[in-house]
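Below is one structure, written out as structure tokens, with a few remarks after it.
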Protein chains: 2
Amino acid sequence: MGGREPGLRERTRRAVQQEIVETANGLFVARGYENTTIEDIAAAVGMSRRSVFRYFPTKEDIVVGKFDFVAQDMLVALRARPAAEPVWESLRRTFDLLVAYVDAPGQHEVAEPMQRIVFAHRGLLASYLEKLQRMQDAVVSALRERAEASGRPYGADDPVPGAVAGAAFGCLLAAQHAWLAGGAKDSFAGTLDRAMAAVAPRG
Amino acid sequence: MGGREPGLRERTRRAVQQEIVETANGLFVARGYENTTIEDIAAAVGMSRRSVFRYFPTKEDIVVGKFDFVAQDMLVALRARPAAEPVWESLRRTFDLLVAYVDAPGQHEVAEPMQRIVFAHRGLLASYLEKLQRMQDAVVSALRERAEASGRPYGADDPVPGAVAGAAFGCLLAAQHAWLAGGAKDSFAGTLDRAMAAVAPRG
DNA sequence: CCTAACTTGACACCGGGTGACACATCCAGC
DNA sequence: GCTGGATGTGTCACCCGGTGTCAAGTTAGG
């Protein structure tokens, strides 16, 4: 991340955010997303409705906001991959961060129902897809940098890097979908491997 | 589509819907999406706020609702492709319906700014992505049918057909992105061709 | 002409989200 | 130790998207 040593202010803020997320997730899985109002969350945490909005811009962000961080980390991870590595492999390794998030043994019991909630609700799914899209845009930038560093830069409006990244994220989403549909029994990593083995960039 | 002879009721309904869309699009382009309230639209069309919601479930649907129809048509188109054709080619041809929508010479002047509006607004982009996702789900079903008919069905939780479809839609989105970023000068079809040439299913 | 189905407008209401203001707290610097 | 400014919070008022309800109006069919 950017600033070294987050500082006390930022740390307490993160702590409150974390508490809101955990409390809210509990309510969401118990009563459902739409049946839980911001006021319910505020009351459960012990603050006012207004203050909840000071920590999260929207209700949806309480659920999918964390992916902004994952996106940043993924970018760093992608930039750290060796330049000689095939792009598809680099992307697969970049996704390991998301995989770790999903396959994490400790949080598995809470992460999976939340995923189902995301995929079940219109606005939430839309919001998640939009986050992935932003993530993807960043990946495209990284891909361009990499191509430039290796001496074969893409043209400004070349759709190719976007297509490669788009295909990879498409596989990611498909894997998530299939994994959830299959009851989340297998490892997510394995499902993603199979998905990404079915497609490959040309050249 | 389904019922033969739409009937008077349904036809007038479609006409009103069309008028709402056109009036609203005019306001959106002129004053921006967020600066245009449902009441503004209702007033411009000459009906009450409530009635607008009788024709469109949400404000976003006024913009992206038409893609539900495109999705249905795309499904039909995909099913009509010869079974022997390579999958990637079938998908590219299926996208021709969307291409026709974008490259259409008549509506080009209104379609392009609307596309920019969609890509510029959080909720709108999210909504559009969600529509594409639903479209994609349908495509996956068609891919499964095709594989079954050719004697090599996929397993129930196999992520492969989803990955192929996801990759194709990823290319589609990337092409749209690059096309808009490049000022929509080239033909969209050509951009999409280049995007889909950069990736291919394995096997 | 009368009635039943459908459409519409008007009104009330909910919930997400924002702006403004007042109050408390905490941490300077004097 | 006091004071003053930054920061956090609650309260209130408001906007807008979206829904339920009901009464009035329209249209088609007997």
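In what follows, chains carry the letters A, B, and so on, assigned in the order in which the sequence lines appear, proteins first and then strands, with residues in each chain numbered from 1.
Counting only distance, with no hydrogens or angles, the side chain of A:Trp179 and the backbone of A:Gly190 share no donor-acceptor pair below 3.5 Å.
If you measure from atom CD of A:Glu60 to atom P of C:dG15, you get 17 Å, rounded to the nearest angstrom. Atom P of nucleotide C:dG16 and atom CD1 of A:Ile62 are separated by 9 Å, given to the nearest angstrom. In this structure, the NZ atom of A:Lys59 is 14 Å from the C1' atom of D:dG18, given to the nearest Å. For A:Asp61 and C:dT18, the CG to P distance is 11 Å, given to the nearest whole Å. Atom CG of B:Leu124 is separated from atom C1' of D:dG17 by 14 Å (rounded to the nearest Å).
Classification of A:Glu148 and A:Arg144 as a salt-bridged pair fails, no side-chain N sitting under 4.0 Å from a carboxylate O.
The stretch residues 17-41 of chain A comes close to DNA chain C through A:Thr36, A:Thr37, A:Ile38, each having a heavy atom under 4.0 Å from the strand.
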Strictly under 3.5 Å: I want the nitrogen or oxygen pairs between protein and nucleotides 5-10 of chain C, one per line.
| from | atom 1 | to | atom 2 | distance (Å) |
| --- | --- | --- | --- | --- |
| C:dT8 | OP1 | B:Tyr55 | OH | 3.0 |
| C:dT8 | OP2 | B:Tyr55 | OH | 3.2 |
| C:dG9 | OP2 | B:Ser48 | N | 3.2 |
| C:dG9 | OP2 | B:Ser48 | OG | 3.0 |
| C:dG9 | OP2 | B:Ser51 | OG | 2.4 |
| C:dG9 | N7 | B:Arg54 | NH1 | 3.2 |
| C:dG9 | N7 | B:Arg54 | NH2 | 3.4 |
| C:dG9 | O6 | B:Arg54 | NH2 | 2.8 |

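Remark: A:Arg93 engages A:Glu89, A:Asp96 in a salt bridge (charged side-chain N to carboxylate O under 4.0 Å, His left out) (not counting sequence neighbours). Residues forming a salt bridge (charged side-chain N to carboxylate O under 4.0 Å, His left out) with B:Arg14 (at least two apart in sequence, or on another chain): B:Glu10. Residues satisfying the salt bridge (charged side-chain N to carboxylate O under 4.0 Å, His left out) criterion with B:Arg49, sequence neighbours excluded, are absent altogether. Evaluation of the side chain to side chain contact (heavy atoms under 4.5 Å, CB included) rule for B:Ser90 yields B:Leu78, B:Arg81, B:Glu85, B:Arg146 as partners, not counting sequence neighbours.
Between A:Thr37 atom OG1 and A:Arg31 atom CZ the span is 7.5 Å, to the nearest 0.5 Å.
In the model, A:Gln176 has a side-chain atom that pairs as donor or acceptor with a side-chain atom of A:Tyr128 under 3.5 Å.
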